[in-house]
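What follows is a single structure, written as structure tokens, with notes after it.
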Amino acid sequence: MTQQNTLFQDTRPKNYIGSAVLFFGIFFTATIVGILLITGMVTTFKIRWKIGYFWCAIIGWITKVFCGLTFQVEGMEHIDAKQPVVFLSNHQSAWETLALRYILPPHSVVIKRELLLFPIWGWSLLTLKSIVINRKNQRGALRALIEQGTRYLNEGLSVLIFPEGTRAGAGELLKFNVGGALLAHKSGFPVIPIAHNAGNYWPRYSFFKYPGVIKVKIGPVIETKGRKAADINAEAESWITQAMKNMD
């Protein structure tokens with residue numbers, strides 16, 4: 001897909017102020033929540049998940065009040081909280097890494113190893129059963145994804161993966177890595193695709209956040225038993241591609 005310009009290149013003073021409030025709000029609250037999560041290792045995962053959930057809700061409130069940015073979700077009926085799945089989502093900004101923790105049932109997220117270099121923030125991600133991969137070692141990363149992902153799925157926890165591997169530009173979709181589909185193929189758990197247009201309002205690598213409504217579309221279940229990973233991957237990528245086109 002071709003890259004589009006951000007819809008609202010609005011640099012009025014209120015957007016400077018709103019974006020600054022959000023930036024510092026994330027910075028300070030993340031430190032507090034990170035400490036709570038780390039000390040929360042003596043409690044259960046359920047409690048730690050709720051801590052992360054409420055933090056994401058707070059960030060969503062700040063985003064709405066100070067940046068005028070909200071979201072709407074279509075397709076929640078496709079999700080059964082009691083049925084673990086592999087969620088495959090496109091990746092455009094930091095927004096979905098926060099909002100999907102709030103929107104989706106409890107799940108494990110695949111993260112890059114470099115995030116653990118951030119004191120408190122990065123360390124706290126380990127308390128939420130994140131799957132840490134080393135992108136410089138593709139074979140090792142794939143093995144970690146399949147081993148840990150299968151274990152969490154069997155424990156009743158879904159897994160969220162951004163198969164593009166990195167953030168794309170607004171309106172752009174990068175080629176999918178096969179890791180998420182391979183996890184679904186080997187574990188036998190279904191896939192649910194997710195599409196959004198967050199990059200139009202919360203662009204990658206940008207300080208500014210623009211007012212509007214981010215659209216999130218959750219697709220129907222993709223069955224994986226008896227299917228090749230390449231076919232699963234192609235179906236998920238095709239659905240997300242079409243869903244993103246329909247958001248224009």
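FYI, the numbering just counts along the sequence from 1. Please read all numbers here as calculations on a predicted model, not as lab measurements.
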For a quick test of reading the model, state the closest non-hydrogen atom pair linking [X] to [Y] and the distance between them.
X: Trp123; Y: Ile38; value: CB-CD1, 4.0 Å
X: Ser93; Y: Pro203; value: CB-C, 4.4 Å
X: Leu88; Y: Gly180; value: CD2-CA, 4.0 Å
X: Ala198; Y: Glu96; value: CB-OE1, 3.7 Å
X: Asn15; Y: Ser19; value: O-OG, 2.8 Å
X: Leu183; Y: Ser187; value: O-OG, 2.7 Å

In Å and rounded to the nearest 0.5 Å, what is the [atom1] to [atom2] distance from [X] to [Y]?
X: Arg151; Y: Ile146; atom1: CZ; atom2: CD1; result: 13.5 Å
X: Ile192; Y: His78; atom1: CD1; atom2: NE2; result: 8.0 Å
X: Gln148; Y: Leu157; atom1: CD; atom2: CG; result: 12.0 Å
X: Ile218; Y: Phe87; atom1: CD1; atom2: CZ; result: 7.0 Å
X: Asp80; Y: Ser158; atom1: CG; atom2: OG; result: 9.5 Å
X: Met244; Y: Glu172; atom1: CE; atom2: CD; result: 8.5 Å

With hydrophobic residues grouped by side-chain heavy-atom distances under 4.5 Å, do [X] and [Y] end up in a single group?
X: Phe24; Y: Ile35; result: yes
X: Val178; Y: Phe162; result: no
X: Leu174; Y: Ile194; result: no
X: Leu36; Y: Phe27; result: yes
X: Tyr205; Y: Ile26; result: no

Less than 4.5 Å apart, side chain to side chain, heavy atoms only: is that true for [X] and [Y]?
X: Ser108; Y: Phe45; result: no
X: Leu128; Y: Arg101; result: yes
X: Met41; Y: Arg48; result: yes
X: Ile214; Y: Asn197; result: yes
X: Pro190; Y: Gln83; result: yes
X: Leu145; Y: Ile161; result: yes
X: Ser89; Y: Leu160; result: yes
X: Arg227; Y: Ile222; result: yes

* For Phe176, ring-ring contact (aromatic ring centres under 6.0 Å, His included) partners two or more places apart ->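 For Phe176 there are no ring-ring contact (aromatic ring centres under 6.0 Å, His included) partners, ignoring immediate neighbours.
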Please confirm whether the backbone N or O of [Y] pairs with a side-chain atom of [X], one donor and one acceptor, at under 3.5 Å?
X: Asn90; Y: His196; answer: yes
X: Asn177; Y: Pro163; answer: yes
X: Arg167; Y: Arg204; answer: no
X: Ser238; Y: Ala234; answer: no
X: Arg135; Y: Gly165; answer: yes
X: Lys209; Y: Phe207; answer: yes
X: Thr224; Y: His185; answer: no
X: Trp202; Y: Tyr210; answer: no
X: Lys46; Y: Thr43; answer: no
X: Ser130; Y: Leu126; answer: no

* side-chain contact (heavy atoms from CB on, under 4.5 Å) between Lys217 and Asn246, intermediate numbers included -> CA-CA 10 Å; Lys217 292 189 176 183; Asn246 293 339; 3.6 Å; yes
* Does the side-chain contact (heavy atoms from CB on, under 4.5 Å) test come out yes or no for Ile133 and Val110, once each step is laid out? -> CA-CA 7 Å; Ile133 61 171; Val110 177; 3.8 Å; yes
* **Worked check of side-chain contact (heavy atoms from CB on, under 4.5 Å) between Val191 and Trp239** => CA-CA 12 Å; Val191 163; Trp239 189 92; over 6 Å; no
* Using 30° and 60° as the class limits, which term best fits the ring planes of Trp49 and His107: parallel, tilted or perpendicular? ->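 Geometry flag for His107 against Trp49: perpendicular rings.
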* Arg113 atom CZ: more than 12 heavy-atom contacts under 6.0 Å ->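 12 or below, so no.
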* How about Gln138: does its CD atom have over 12 heavy atoms from other parts shown lying under 6.0 Å from it? ->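 No, the 6.0 Å shell around CD holds no more than 12 heavy atoms from other groups.
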Enumerate donor-acceptor pairs with a distance under 3.5 Å from any side-chain N or O in residues 50-77 to protein atoms, sequence neighbours excluded.
from: Trp55; atom 1: NE1; to: Thr29; atom 2: OG1; distance (Å): 2.8
from: Thr63; atom 1: OG1; to: Ile59; atom 2: O; distance (Å): 2.7

* Asked: Could you walk me through whether Val159 and Phe189 pass the side-chain contact (heavy atoms from CB on, under 4.5 Å) check?
  -> CA-CA 10 Å; Val159 176; Phe189 284 86; over 6 Å; no
